[in-house]
Amino acid sequence: MDCKSITSYNHIVMTTILAIETSCDETSAAVVKNGNEILSNIVATQVEFHKKYGGIVPEIASRKHIEVINPIIAEALEKAKVKLKDLGAVAVTYGPGLVGSLIVGLCAAKAIAYSLDLPLIGVNHLEGHIYANFLISNLKFQISFPFICLLVSGGHTMLILVKDHGNYQVLGQTRDDAAGEAFDKVARFLKLGYPGGPIIDKLAKEGDPKAVAFTRPMLGQGYDFSFSGIKTAVVNYSNKTQGTATHLDFARRCPELAEGFSRRFLANLAASFQQAIVDVLVEKSIQAAQEYKCKTIALAGGVSANSLLRKDLKEKAEAKGFGVQIPSLHLCTDNAAMVGCAGYYHLKQKRTSDFKLQAVASLKLVGYNVTL
Ligand code: KG4
Ligand code: ZN
C-alpha cells in the first residue's frame, strides 16, 4: 500500500481509519487506530422517526442520513482529535442494507477518500459485525482462529465458521425470518413498540419463560434456522387466549387488576417466546463449536444485545469448556467502529476498492476465501 499516513512494518500496518456506516437506520462515523483502538464512534439513531410506522421506512431513512452524515463525520473526527490530513484510509459499508441508506455513506466516503487521495475500503456490514469482536474494548482474551460466530441481527441469522481473517464458512442461516425480525414482528403484533428486541428483552424479565410451551424449531436438524413458525405460534396463542371468556370475565370483574393481569400475560408470552429463540441459537452454536473443534464462540449483531442470549450462551458454552466472546452492548448494534476494524484487515491484505464501488443491497458474506 503506497499511501501517505500508512506505515507498514512487516505485516503490521499502523494507520488511522475513518469509518462510515449507514446501512439501515443508524448514521455512524468512527475513527479507529491500528485496527483495534476506537478513538471515536458516533451513532445517530433514527428510531424516533420510524417508531410511529412500526418499522423502518426506507425513504425516511435515506433522507435522515443525508441530513446528519456531515455533522456526524465532523463530530467523530473532533472527538478523536484527528484531522483529515492524519487519516490513512476511509472504510465504508457498501452492503447488505437499504440501498438508499447505503448510498449516502458511500458517497460521503468516496468524496473524502478521493479529495484526500486516500484508499477507499468497501466493507460488508456482516463482516463488520463479526469484527466488533476484535475491537480492544471488547477483547476478553485474544480470540484465536478458528472460532464460531453466531451473527444475529434484524436482517440476518447465521452461524459462521471463521477460519481466519476474511475466511468464512457459512454453516447455516435462517430460512425465513431473522431472529431480530421475529422479535420486531412479535412486538409489533403485541403492540409493544419498536424496535421490538430491547422491549421484549425488558418485559421478559417480569415473565415466566415456561408459561407457554413453544417448540424449538429445527433443533437437531443441522445449522439452519426458522423463526417464522414461533412468530405465528405467538400470534395464535395470543388470539386464542386473550379472547377466552376467562380473560374477559376477569377484566370485567376486576377492572382495577386488568392492566396488571394483561401485563403479566404479555410478560409470560414475551419470556416464553424469547426463551424458545435463545434455546435454539445457543444449542446450535455449541453444536457447531463441537463439530468444528473451535475453542471460542463469538456473538455478533444487534440481537447479541439480548440479555438472556448473553447469559445463556455464556453459562451453557462455558460449562462445556468453550470460551465465549461477546461485544460490549454499544458495539453489538450498528456502529462504524466495527466497520473500521474490518476495513483495517482488508487494508493489511492490500484489498482496497476502486471509486466505482456500488451499494449492494443483498450483498452476501464475501471474505477473501469464502466457502458457502
Ligand atoms: O445489527 P442491528 O443493529 O441492525 C441490523 O443489521 O439489522 O440489529 C437490529 C436488530 C433489531 O431487530 C432489534 O430488535 C434487535 O437487533 N435487538 C435486540 C435487542 N437489541 C436489539 N433483539 C433482542 N434483544 C435485544 N436486547
Ligand atoms: Zn447490523
Side-chain angles (χ1 to χ4, degrees), residues 19-28 30 41 43-47 50-51 54-56 58 61 65 92-98 101-102 105 123-133 149-158 160 173-174 177-190 192-205 207 209 227-228 230-231 270-271 273-282 299-313 326-339 341-342 361-363 365:
I20 298 173
E21 154 66 45
T22 60
S23 66
C24 197
D25 62 339
E26 259 99 27
T27 317
S28 181
N41 189 22
V43 182
T45 178
Q46 304 176 353
V47 82
H50 300 285
K51 229 176 193 166
I56 296 162
H65 283 308
V92 61
T93 303
Y94 73 105
L98 301 169
S101 293
L102 289 163
V123 172
N124 183 311
H125 180 76
L126 304 175
E127 196 174 33
H129 274 305
I130 296 172
Y131 273 85
N133 284 288
C149 183
L150 172 67
L151 199 168
V152 268
S153 70
H156 295 83
T157 302
M158 300 170 104
I160 303 156
Q173 46 196 318
T174 184
D177 289 354
E181 191 181 351
F183 271 96
D184 294 339
K185 286 179 175 170
V186 162
R188 187 161 54 199
F189 169 76
L190 296 173
L192 294 175
Y194 171 84
I199 299 170
I200 290 186
D201 189 354
K202 197 163 163 226
L203 182 62
K205 291 189 202 306
F227 293 123
S228 77
I230 306 192
K231 178 193 67 190
F273 160 76
Q274 177 176 266
Q275 188 71 61
I277 301 250
V278 167
D279 282 354
V280 176
L281 294 173
V282 169
L299 265 182
V303 182
S304 50
N306 184 268
S307 57
L308 183 73
L309 177 60
R310 296 166 85 89
K311 178 176 149 293
D312 278 12
L313 181 66
I326 306 182
S328 42
L329 274 179
H330 68 290
L331 296 169
C332 287
T333 43
D334 291 351
N335 68 89
M338 66 186 197
V339 175
C341 181
S362 56
L363 187 67
L365 180 63

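Ligands are counted one by one from 1 in listed order, and the atoms in each one are counted from 1 as well. Everything quoted here is computed from the prediction, not taken from an experiment.
- A pairwise comparison of heavy atoms in Lys205 and Ser307 identifies NZ-OG, 2.7 Å as the closest pair.
- Between atom 3 (O) of ligand 1 and the options Leu308, Leu151, Asp334, the minimum heavy-atom separation is to Asp334.
- Asp334 and His125 form a side-chain donor-acceptor contact under 3.5 Å, judged by distance and modelled atom types alone.
- Counting backbone and side-chain atoms alike, Cys24 contributes no N/O/S atom closer than 2.8 Å to the Zn ion (ligand 2).
- Close N/O approach between Pro195 and ligand 1 is not found [any backbone or side-chain N/O within under 3.5 Å].
- Below 4.0 Å from some heavy atom of Gly180 lie the following atoms of ligand 1, by number and element: 12 (O).
- Checked by distance only, ligand 1 and Glu26 stay at 3.5 Å or farther apart across all their nitrogen or oxygen atoms.
- Counting only distance, with no hydrogens or angles, the side chain of Asp177 and the backbone of Ala182 share no donor-acceptor pair below 3.5 Å.
- Backbone and side-chain nitrogen or oxygen atoms of Asn306 are examined, and one is located within less than 3.5 angstrom of a nitrogen or oxygen of ligand 1.
- For the residue pair Ser28 and Asn335, no side-chain donor N or O sits within less than 3.5 Å of a side-chain acceptor on the partner.
- Proximity of Asp184 to ligand 1, defined as any heavy-atom pair under 4.0 Å, is confined to the side chain (atoms from C-beta onward).
- Counting backbone and side-chain atoms alike, His156 contributes no N/O/S atom closer than 2.8 Å to the Zn ion (ligand 2).
- Residues Leu308 and Gln275 meet the side-chain proximity criterion, which asks for heavy atoms closer than 4.5 Å.
- Scanning the protein heavy atoms around atom 15 (C) of ligand 1, the nearest turns out to be Val303 CG2, 3.9 Å.
- Closest non-hydrogen pair, Ala337 versus Asn41, comes out as N-OD1, 3.2 Å.
- If you look at Asp201 next to ligand 1, the close heavy atoms, those under 4.0 Å, all belong to the side chain.
- Of all protein heavy atoms, the one lying nearest to atom 10 (C) of ligand 1 is Gly154 N, 3.5 Å.
- In this structure a side-chain-to-backbone donor-acceptor pair under 3.5 Å is missing from Glu26 to Ala44.
- Rounding to the nearest 0.5 Å gives a distance of 8.5 Å between CG of Asn124 and OG1 of Thr93.
- For ligand 1, the atoms sitting less than 4.0 Å from at least one non-hydrogen atom of Gly155 are 7 (O), numbered in the order shown with element in parentheses.
- Counting protein heavy atoms only, atom 17 (N) of ligand 1 is closest to Gly302 O, 3.6 Å.
- For ligand 1, the atoms lying closer than 4.0 Å to a non-hydrogen atom of Gly197 are 14 (O), 18 (C), 19 (C), 22 (N), 23 (C), 24 (N), 25 (C).
- Ligand 1 has at least one atom lying under 4.0 Å from a heavy atom of His125.
- For the 3.5 Å distance criterion, the side chains of Thr27 and His65 qualify, holding a donor opposite an acceptor.
- Open room surrounds NZ on Lys202; 12 or fewer heavy atoms of other groups in view lie less than 6.0 Å from it.
- The contact set between ligand 1 and Thr333, taken as ligand atoms under 4.0 Å from a residue heavy atom, comprises 3 (O).
- Checked against a 3.5 angstrom limit, the closest N/O atoms of Gly301 and ligand 1 fall outside it.
- Listed for the Ser304 side chain is no donor-acceptor partner under 3.5 Å among the backbone atoms of Leu299.
- Geometry about the Zn ion (ligand 2) gives an angle of 90° between OD1 of Asp334 and NE2 of His129, rounded in steps of 10 degrees.
- Under the 3.5 Å distance criterion, the side-chain polar atoms of Glu21 are matched with a main-chain donor or acceptor of Ser23.
- For the pair His129 and ligand 1, a heavy-atom separation below 4.0 Å is found.
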